[in-house]
Enquirer: 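Just dropping this structure here.
Keep in mind the model is a prediction, meaning the values are calculated, not measured.
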Amino acid sequence: MSRSHSTDIPDRLGEAPDSPARLSRSPAKRPIGVLTVSSWTFANGPLRRGGELQARSRNDTARRLRQVAARADAANAARKRESVRRLAVLLTVAAASTVVVTAAAVASPRPAVRGATATASTVQRSATAVKTATGNAPRHQAVPAPTAVQPVSPSPLTLTALDRESCPAKATACVDLTRHLTWLQSAGKVTFGPIRAEPGPPGSAHATPRGIFQVSWRAGATFVSNIYHEPMPWAVFFAPGGIAFHGGSLTTPSHGCVHLTDENAHYYNQHLPDGAEVVVF
């Protein structure tokens, strides 16, 4: 039999079919369940990298939140400081306003507190229409009906013998330009006053005229002069040129009229009828 047809001929010269050398060249079988280092790394590497990314993201988020909180705290602190500063400014302005108002009240020539009638007179004067301030004004001027008004209690002023001699008994109202006094009387007996008055400056173009006059007409609480555009509450006109008793300043000379307090001017307005005699000396 030839060599090529024998099954017992070794693959290589000198090797038997079942020799150890032939068996060693067959592929080795690995045990099931055994992993090499390279295969574990390939299987678990992506998971580890994903965990690191999540941890880094959490850290970044926490850092940003801390930054936002820090900026918010700084902004709140700044707002609080600005609120405190504005409050301090408001308190300073309020204190300064109080000082100014107090100083103005102290320096005011008129009392700060008046009766209800004086307050009503001031409000009415601010809304009045301008009317004529001459003695020739119409006699049908509306005059409020007399009310039970209590004038300011007269100060302890006294009349001299010259005062009584200068104002005859038939006069109803008397004015002493030298002593800045005026009073009402009936049959020579004083019925009201004497009280303080402020006439026009003597020796000037606005000096209050001296003489014997009669009340021509009376105005109400809202009367305003059309010459000087100043209020003349409760005016009682008695001399030519618009000379009258009326409410006004007791420290600033008039333009010729006789200034009284508003309360006393109201009293004169009620108790000096048209035709009543007025003596100015």
Enquirer: Would a single hydrophobic cluster contain both Val215 and Ile212, if residues Ile, Leu, Val, Met, Phe, Trp and Tyr are joined by side-chain heavy-atom contacts under 4.5 Å?
Expert: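 Ile212 and Val215: separate clusters.
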Enquirer: What heavy-atom pair brings Gly200 and Ser254 nearest, and what distance separates the two atoms?
Expert: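 In terms of heavy atoms, the two residues are closest at N-OG, 3.1 Å.
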Enquirer: In Å and rounded to the nearest 0.5 Å, what is the CG to CD distance from Leu272 to Glu277?
Expert: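 Rounded to the nearest 0.5 Å, the CG-CD separation comes to 11.5 Å.
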Enquirer: Among residues at least two apart in sequence or on other chains, which ones pass side-chain hydrogen bond (donor to acceptor under 3.5 Å, both in side chains) with Thr182?
Expert: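 Thr182 satisfies side-chain hydrogen bond (donor to acceptor under 3.5 Å, both in side chains) with Tyr268 once adjacent residues are dropped.
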Enquirer: Going by the rule side-chain contact (heavy atoms from CB on, under 4.5 Å), which residues pair with Arg164 if we only count those two or more places apart in sequence or in a different chain?
Expert: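 Only Leu159, Val190 meet the side-chain contact (heavy atoms from CB on, under 4.5 Å) criterion with Arg164.
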Enquirer: Can you hop from Phe192 to Leu260 via hydrophobic side chains spaced under 4.5 Å?
Expert: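 Phe192 clusters together with Leu260.
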Enquirer: What are the two closest heavy atoms between Val258 and Ala197, and how far apart are they?
Expert: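 So the minimum-distance heavy-atom pair works out to CG1-CB, 3.7 Å.
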Enquirer: Ignoring hydrogens and angles, tell me if any N or O in the side chain of Thr252 forms a donor-acceptor pair with the backbone of Ser249 under 3.5 Å.
Expert: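 Not confirmed, Thr252 side chain does not pair with Ser249 backbone.
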Enquirer: Tell me, please, which residues at least two apart from Asp73 pass side-chain hydrogen bond (donor to acceptor under 3.5 Å, both in side chains).
Expert: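 Partners of Asp73 under the side-chain hydrogen bond (donor to acceptor under 3.5 Å, both in side chains) test: none.
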Enquirer: Ignoring hydrogens, what is the shortest heavy-atom contact between Pro209 and Val280? Give both atom names and the distance.
Expert: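 Nearest heavy atoms, Pro209 then Val280: O-CG1, 3.4 Å.
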Enquirer: What is the distance from atom CZ of Arg196 to atom OG1 of Thr251, rounded to the nearest 0.5 Å?
Expert: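 Rounded to the nearest 0.5 Å, the CZ-OG1 separation comes out at 13.0 Å.
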Enquirer: State which residues pass side-chain hydrogen bond (donor to acceptor under 3.5 Å, both in side chains) with Asp176; sequence neighbours excluded, sorted by chain then number.
Expert: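 Partners of Asp176 by the side-chain hydrogen bond (donor to acceptor under 3.5 Å, both in side chains) criterion come out as none, since no residue qualifies.
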Enquirer: Give a yes or no on whether Phe238 and Phe281 share a hydrophobic cluster (residues Ile, Leu, Val, Met, Phe, Trp, Tyr; joining criterion: side-chain heavy atoms under 4.5 Å apart).
Expert: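 Different clusters: Phe238 never reaches Phe281 through Ile, Leu, Val, Met, Phe, Trp or Tyr contacts under 4.5 Å.
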Enquirer: Looking only at atom types and distance, does a side-chain atom of Glu230 sit under 3.5 Å from a main-chain N or O of Ser225, one as donor and one as acceptor?
Expert: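 Side chain of Glu230 to backbone of Ser225: no pair is present.
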Enquirer: Less than 4.5 Å apart, side chain to side chain, heavy atoms only: is that true for Val236 and His246?
Expert: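 Not touching, per the 4.5 Å side-chain cut-off.
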Enquirer: Find out whether Asp274 and Arg218 are in side-chain contact, i.e. whether some heavy atom of one side chain is under 4.5 Å from a heavy atom of the other.
Expert: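 Sidechains of Arg218 and Asp274: in contact.
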Enquirer: Taking the six-membered ring for Trp, are Tyr228 and His206 parallel (under 30°), tilted (30 to 60°) or perpendicular (over 60°)?
Expert: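 Answer is perpendicular, since the angle exceeds 60°.
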Enquirer: Apply the test side-chain contact (heavy atoms from CB on, under 4.5 Å) to residues Leu181 and Leu157: give CA-CA distance (whole Å), side-chain angles for both, the deciding distance (0.1 Å), then the verdict.
Expert: CA-CA 9 Å; Leu181 296 179; Leu157 301 174; 3.3 Å; yes
Enquirer: Given Phe223, which partner from the list Phe245, Trp217, Trp234 fulfils the ring pair (Phe, Tyr, Trp, His ring centres under 6.0 Å) test?
Expert: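 That would be Trp217.
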Enquirer: Could you list the residues that satisfy side-chain contact (heavy atoms from CB on, under 4.5 Å) with Thr191, not counting sequence neighbours?
Expert: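 If we apply the side-chain contact (heavy atoms from CB on, under 4.5 Å) test to Thr191, skipping adjacent residues, the hits are Leu184, Ser186.
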Enquirer: Taking the side chain as C-beta and beyond, is there a heavy-atom pair between Ile227 and His255 under 4.5 Å?
Expert: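 A side-chain contact under 4.5 Å is absent here.
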Enquirer: In Å and rounded to the nearest 0.5 Å, what is the CE to CZ distance from Met232 to Phe237?
Expert: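 Nearest 0.5 Å value for the CE-CZ distance: 4.0 Å.
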Enquirer: Minimum heavy-atom separation for Cys167 and Gln185, please, with both atom names.
Expert: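 Taking every non-hydrogen atom into account, SG-NE2, 3.7 Å.
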Enquirer: Of all residues at least two apart in sequence or in a different chain, which pass the side-chain contact (heavy atoms from CB on, under 4.5 Å) check with Pro202?
Expert: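 Pro202 satisfies side-chain contact (heavy atoms from CB on, under 4.5 Å) with no other residue.
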Enquirer: Please identify each residue that fulfils ring pair (Phe, Tyr, Trp, His ring centres under 6.0 Å) with His180, with sequence neighbours left out.
Expert: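 In terms of ring pair (Phe, Tyr, Trp, His ring centres under 6.0 Å), with neighbours along the sequence ignored, His180 is linked to no residue.
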Enquirer: Can you list every salt bridge (Lys or Arg N to Asp or Glu O under 4.0 Å) pair that touches residues 84-95, not counting sequence neighbours?
Expert: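 Passing the test, one end in residues 84-95: Glu82-Arg85, Glu82-Arg86.
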Enquirer: What is the minimum heavy-atom distance between Asp262 and Pro233, and which atoms define it?
Expert: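 Answer, listing the atom of Asp262 first, then Pro233: OD1-CG, 3.8 Å.
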Enquirer: Compare all side-chain heavy atoms of Asp163 with those of Trp183 and state whether any distance is below 4.5 angstrom.
Expert: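 Asp163 reaches Trp183 side chain to side chain.
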Enquirer: When Ile, Leu, Val, Met, Phe, Trp and Tyr are grouped by side-chain heavy atoms lying under 4.5 Å apart, directly or through other members, which residues fall in the same group as Val93?
Expert: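 Val93 shares its hydrophobic cluster with Val89.
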Enquirer: Just grab all the disulfide bond (SG atoms under 2.5 Å apart) pairs involving residues 232-279, residues at least two apart or on different chains.
Expert: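 For residues 232-279: none.
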Enquirer: Is there a donor-acceptor pair closer than 3.5 Å between any side-chain N or O of Asn269 and the backbone N or O of Ala265?
Expert: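 It does not hold such a pair.
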Enquirer: If I take atom OG1 from residue Thr261 and atom NE2 from residue His266, how far apart are they, to the nearest 0.5 angstrom?
Expert: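 If I round to the nearest 0.5 Å, the distance is 11.5 Å.
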Enquirer: If you look only at distance, which donor and acceptor atoms sit under 3.5 Å apart when one is on a side chain in residues 60-68 and the other is two or more places apart or in another chain?
Expert:
residue	atom	partner	partner atom	Å
Thr61	OG1	Ser57	O	2.9

Enquirer: What residues, two or more places apart in sequence or in another chain, satisfy salt bridge (Lys or Arg N to Asp or Glu O under 4.0 Å) together with Arg210?
Expert: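 With neighbours one apart ignored, the set is empty.
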